[in-house]
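Bear in mind the structure is a predicted one, so any value in this text is a computation, not a measurement. Naming: A, B, ... by sequence-line order, numbering from 1 per chain. Heavy-atom basis, side chains included; hydrogens, waters and symmetry copies ignored.
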Amino acid sequence: MSSATESFSVRHQAIYEVVKTIPAGVVATYGQVAAIVGCGPRLVGYALASLPAGMDVPWQRVINSQGKISIRSDGAADPRQRQALIREGIVFSLKGTVDLKRFGWDGPDWDWLYERGLEPPPRRDSAASGRFP
DNA sequence: CTTATGACGCGCA
DNA sequence: TTGCGCGCCATAA
């Protein structure tokens, strides 16, 4: 891998990796990412806040559970985030919210989780007693 | 070593 | 419906 992520702790890197898997055209919530990496939702925000510019992490695709762009310490959301999302096809309501029903991320592929050993398999089949195949 | 400071989410009154 | 409190981790100084 490489990039600038090597300087960050494992937890931060895990968060960044998850965010990287969010495809353009959809948005994920902090809680969603947190659930995958197994940490509090707050940490996701902290991790992204510490995210240096130039990193290949689509941080813009992470918004809060209200479907709104989180407000930073500046007191306002970075307009660039909204602009970037619109550019990716995200549609904002008149209230400035995103319909998570439509643009909400479904989460990473099962294979991705399996490979990373994250989150228990959603298990929708019947067989497979214990865990992984 | 300690302290302060962040992009959140949920439960309960 | 709104408001308040708590939990949690890493980094910088």
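Electrostatic pairing of A:Arg80 and A:Asp78 counts as a salt bridge here, judged by a charged N lying under 4.0 Å from a carboxylate O.
Among the protein residues, A:Gly40 comes within range of no part of the nucleic acid, since none of its heavy atoms lies under 4.0 Å from any strand.
Checked by atom type and distance alone, the side chain of A:Gln13 pairs as donor or acceptor with a backbone atom of A:Phe8 at under 3.5 Å. A:Gln81 places no side-chain N or O within donor-acceptor distance of the main-chain N or O of A:Ile63, the cut-off being under 3.5 Å.
One can place CD1 of A:Ile15 at 8 Å from C1' of C:dC9, the figure rounded to the nearest angstrom. Here C:dT11 presents its P atom at 13 Å from CG of A:Leu51, a figure rounded to the nearest Å. The distance between atom NE2 of A:His12 and atom P of B:dG6, rounded to the nearest whole Å, is 15 Å. To the nearest angstrom, C1' of C:dT11 lies 15 Å from CZ of A:Arg42. With rounding to whole Å, A:Arg11 atom CZ is found 16 Å from B:dC8 atom C1'. One interatomic measurement links the two molecules: CD1 of A:Ile69 to P of B:dG9, which rounds to 13 Å at whole-angstrom precision. Between A:Leu43 atom CG and B:dC10 atom P there is a gap of 14 Å when expressed in whole angstrom units.
Remark: A:Ser50 is not in phosphate contact with C:dA10, judged by side-chain N or O atoms under 4.0 Å from OP1 or OP2.
Closest to the side chain of A:Tyr46, out of C:dA10, B:dG9, B:dG6, is B:dG6. Comparing atom distances between the A:Phe8 side chain and each of B:dG9, C:dT11, C:dC9 picks out C:dT11 as nearest. In this structure, the nucleotide among B:dG9, C:dC8, C:dA10 sitting nearest to the side chain of A:Asn64 is B:dG9. Side chain of A:Pro41, nearest nucleotide from C:dC9, B:dC8, C:dA10: B:dC8.
In this pair, A:His12 and A:Tyr16 present their aromatic rings perpendicular. The plane angle is above 60°, beyond the 30 to 60° band.
Using N1 to N3 plus N6-O4 or O6-N4 for Watson-Crick, or N1-O2 and O6-N3 for G-U wobble, each under 3.5 Å, C:dG7 pairs with B:dC8.
Within residues 72-82 of chain A, the residues that have a heavy atom under 4.0 Å from DNA chain B are, in order of number, A:Arg72, A:Ser73.
The shortest distance between side-chain heavy atoms of A:Thr21 and A:Trp105 falls below 4.5 Å. Residues A:Arg61 and A:Val19 are not in side-chain contact: their nearest non-hydrogen atoms beyond the backbone lie 4.5 Å or more apart.
In this structure, A:Arg82 forms a cation-pi arrangement with A:Phe92, its terminal cationic atom sitting closer than 6.0 Å to the ring centre and no more than 45° off the ring axis.
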